[in-house]
Amino acid sequence: ATVRLHPALAGRFQAHEASYRCEHAFGPSASQEAVFKTAVVPICDAVLRGFNGAVIAYGQTGAGKTYTMIGDPDGVQEGMAPRAIKAIFNVLATRPPGSWRVQTSALEVYGEHVRDLLAQPAGVTVDVHEVALTGCEGQHSTGFRCPAATTRRTTTAQAAVAVLMQGMQRRETARTDMNHSSSRSHLIFTMSISQQDAAAGAVLHSRMVFVDLAGSERLKRSMSREFSCRYPVCQAAHDVSPSHPAAPRRSLEGRLRESGEINKSLLQLALVIQRLSSPGGGRQHVPYRDSMLTRLLAESFGGNSRTCLIVACCPLPDNREETRSALEFGKRAKLVKNSPRVNLEMEREPSAVMKALLNSEAIELLHSDKIATSGRDDLRLELASFRDLLEKISADRQKEQEQHKAESHALEREKRLVQLAWEAEVERAETAAIKASKLCDENASLRSRFLDLEVERAKPAMVEAAHFRDKNAFLISKTVDLEAPQIWAALADRLLRRWPWPSRLPGFQTEAVAAWGELADRLL
């Protein structure tokens with residue numbers, strides 16, 4: 001599975017997209033049961049077969065580590081530890097009575113002190129000793145144990161879960177700005193299982209370790225209110241441990257020292273993993289002894305254990321840098337190679353037949369392991385080629401997206417330029433229209449003034465023409481009055497010459513002249 005971090009476009013950090021490989025990835029909607037069946041059930045099966053197992057939760061404060069590990073033991077949201085305890089006891093219940101034994105213990109690492117959460121009174125510290133461990137076929141190794149720690153024999157899953165919850169109630173917690181119930185210590189709950197086969201004279205010893213690490217945090221985010229508060233009363237307002245109602249209030253300096261110790265122990269753990277995962281890590285000195293936490297987890301990282309690391313991440317953009325740091329830790333831890341082996345103890349020297357059977361089974365296991373290893377290598381090669389193909393496709397896709405983005409930006413710029421040119425042309429046209437309208441108004445005004453001037457200039461001529469016309473009409477009328485009888489008489493003669501028959505009528509010529517004269521007067 002792959003976890004991808006999107007680029008940080010804004011915020012405290014500017015970073016590019018990053019991807020991290022892991023065995024399994026679960027989203028926010030994944031159920032506790034799905035996480036348990038996928039990640040923790042194989043560890044439980046290995047523990048029942050005589051291997052050591054560990055389930056460790058890592059992440060920033062408030063990311064959900066305690067919820068993942070503990071959850072609600074009495075509901076559907078129970079975490080990995082209660083589910084694993086019940087699964088182990090369900091299998092042990094099918095074994096013959098008296099053939100198995102379970103011892104439980106609960107410790108916390110607070111600062112550089114290891115506290116026994118089951119001791120009376122509470123808060124007793126125990127020492128961590130380096131001891132010699134004997135494995136299968138007489139193999140010897142060293143490890144770290146707390147011999148003085150309180151252990152309780154449990155025969156049922158309910159009793160073991162009760163021991164776990166007792167340790168949780170005594171665990172050091174406090175209220176911070178990022179988590180109202182922040183764990184201020186590292187919780188380590190251990191189940192030591194012994195399974196005896198009387199017929200074979202052998203005992204299987206295995207350990208199941210559940211580790212809920214305290215969250216890494218930035219003081220300017222988790223204690224911003226304490227920094228901004230000026231009065232001691234305000235500083236102590238958030239320092240009450242919910243699990244310790246009667247505990248004394250801690251000062252701001254104590255809280256700062258506490259956060260520093262948490263980050264220091266996690267840094268030491270990261271250094272151990274860095275040494276184990278680097279090339280030639282087996283030849284380098286691994287500083288297990290530099291911290292109490294690394295001592296107690298020495299078997300889980302680089303030792304005789306099958307370990308499942310659960311990295312809790314927060315998907316919010318403000319926590320991107322913390323998420324990246326947690327994923328980098330998981331990426332490094334994935335490169336650590338453990339050496340798990342069956343912890344078989346023989347009560348008596350086995351017979352030759354038993355040795356032969358064990359050797360044949362070991363050969364078969366070795367052969368099957370080689371086949372599985374070869375198949376796994378082939379799958380890894382195919383997976384590597386598939387990853388390369390995916391990376392190539394992803395790179396091509398990203399290149400196409402960048403090209404499309406550049407083309408989109410170019411089109412946007414061109415569109416903006418065209419829009420600006422259009423707006424300029426519209427503005428220019430509006431200005432020209434306004435100027436044309438003003439010119440039309442001025443032209444009309446000038447034309448009106450010109451017509452008025454022409455009228456003013458034409459008035460004397462018109463008056464003179466009217467006077468001349470009146471005078472001419474008067475002269476014409478006088479001339480007509482004087483010459484009309486002779487004109488009409490000549491006209492009557494011409495008419496009579498053309499049409500002679502009216503002249504035969506008596507008095508026609510005189511009447512005709514008079515009629516024509518009257519007609520002329522009317523016409524004038």
Side-chain angles (χ1 to χ4, degrees), residues 3 22-45 47 53-91 102 104-109 117-118 152 154 156-176 178-191 208-217 241-244 300 307-316 319 323 326 330:
V3 178
C22 58
E23 298 296 335
H24 308 283
F26 302 94
S29 60
S31 62
Q32 296 273 56
E33 183 178 2
V35 178
F36 173 73
K37 289 183 177 180
T38 305
V40 183
V41 167
I43 305 297
C44 296
D45 296 339
V47 169
V55 180
I56 303 173
Y58 178 88
Q60 76 172 103
T61 180
K65 300 180 299 300
T66 304
Y67 169 78
T68 302
M69 291 299 297
I70 308 300
D72 182 10
D74 299 327
V76 296
Q77 300 299 329
E78 61 181 353
M80 302 302 105
R83 290 177 184 269
I85 291 171
K86 294 178 181 179
I88 291 173
F89 272 98
N90 289 338
V91 176
V102 178
T104 56
S105 64
L107 303 174
E108 73 168 352
V109 180
L117 298 177
L118 303 181
R152 292 185 184 177
T154 54
T156 61
Q158 291 75 14
V161 172
V163 173
L164 172 64
M165 298 312 298
Q166 180 181 351
M168 283 295 300
Q169 291 176 359
R170 292 186 175 185
R171 185 184 185 183
E172 197 74 26
T173 58
R175 181 187 180 94
T176 65
M178 297 184 67
N179 190 354
H180 289 179
S181 181
S182 176
S183 301
R184 314 309 296 172
S185 63
H186 309 293
L187 175 68
I188 302 175
F189 179 78
T190 305
M191 294 177 60
M208 185 68 171
V209 181
F210 301 97
V211 183
D212 181 18
L213 296 173
S216 58
E217 61 185 30
S241 176
S243 59
H244 299 77
S300 301
T307 303
C308 172
L309 177 64
I310 301 176
V311 179
C313 303
C314 183
L316 296 178
N319 298 321
T323 300

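Small disclaimer: the values here were computed from a predicted structure and weren't measured.
- Closest of all the heavy-atom pairs between Asn319 and Cys314 is ND2-SG, 3.0 Å.
- For Glu23, the side-chain contact (heavy atoms from CB on, under 4.5 Å) criterion is met by Lys334, not counting sequence neighbours.
- The two residues Ala214 and Ser185 come nearest to each other via the heavy atoms CB-O, 3.6 Å.
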Working for side chain to side chain contact (heavy atoms under 4.5 Å, CB included), residues Thr307 and Ile56
CA-CA 8 Å; Thr307 303; Ile56 303 173; 3.9 Å; yes

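- Between Thr68 atom OG1 and Met80 atom CE the span is 6.5 Å, to the nearest 0.5 Å.
- Ala160 and Ile85 make their closest contact through CB-CG2, 3.5 Å (heavy atoms, listed as atom of the first residue, atom of the second, distance).
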In sequence, state the C-alpha distance, the side-chain angles, and the governing distance for Arg83 and Gln32, and then conclude on side chain to side chain contact (heavy atoms under 4.5 Å, CB included).
CA-CA 9 Å; Arg83 290 177 184 269; Gln32 296 273 56; 3.8 Å; yes

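- Among all heavy-atom pairs drawn from Ala54 and Ser300, the shortest one is CB-OG, 3.4 Å.
- Between Met165 and Ile70 there is a side-chain heavy-atom pair separated by less than 4.5 Å.
- For the residue pair Leu164 and Ala81, the shortest heavy atom distance occurs at CD2-CB, 3.7 Å.
- Here CE of Met191 is found 7.5 Å from OG1 of Thr104. Values are rounded to the nearest 0.5 Å.
- Considering only heavy atoms from C-beta on, Tyr67 comes within 4.5 Å of Gln77 through its side chain.
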Apply side chain to side chain contact (heavy atoms under 4.5 Å, CB included) to Phe189 and Val163, showing your working.
CA-CA 9 Å; Phe189 179 78; Val163 173; 3.9 Å; yes

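- Here the SG-NZ distance, from Cys44 to Lys37, works out to 13.0 Å after rounding to the nearest 0.5 Å.
- Nearest approach of Asp212 to Arg171, heavy atoms of both residues: OD2-NH1, 2.7 Å.
- For the atom pair Phe36 CZ and Ile43 CD1, the distance stands at 11.0 Å (nearest 0.5 Å).
- Listed by chain and number, the residues in a side-chain contact (heavy atoms from CB on, under 4.5 Å) with Ala25 are Ala1, Val3, Cys22 (sequence neighbours excluded).
- Between Lys86 and Glu78 a salt bridge is recorded (basic side-chain N to carboxylate O distance below 4.0 Å).
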Could you give me the CA-CA distance, side-chain angles and deciding distance for Ile188 and Phe210, then say whether side chain to side chain contact (heavy atoms under 4.5 Å, CB included) is met?
CA-CA 6 Å; Ile188 302 175; Phe210 301 97; over 6 Å; no

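- The distance from the NZ atom of Lys65 to the CD1 atom of Ile310 is 12.0 Å, given to the nearest 0.5 Å.
- For the atom pair OG1 of Thr66 and CG of Leu187, the computed distance is 8.0 Å after rounding to the nearest 0.5 Å.
- Considering only heavy atoms from C-beta on, Leu309 comes within 4.5 Å of Tyr58 through its side chain.
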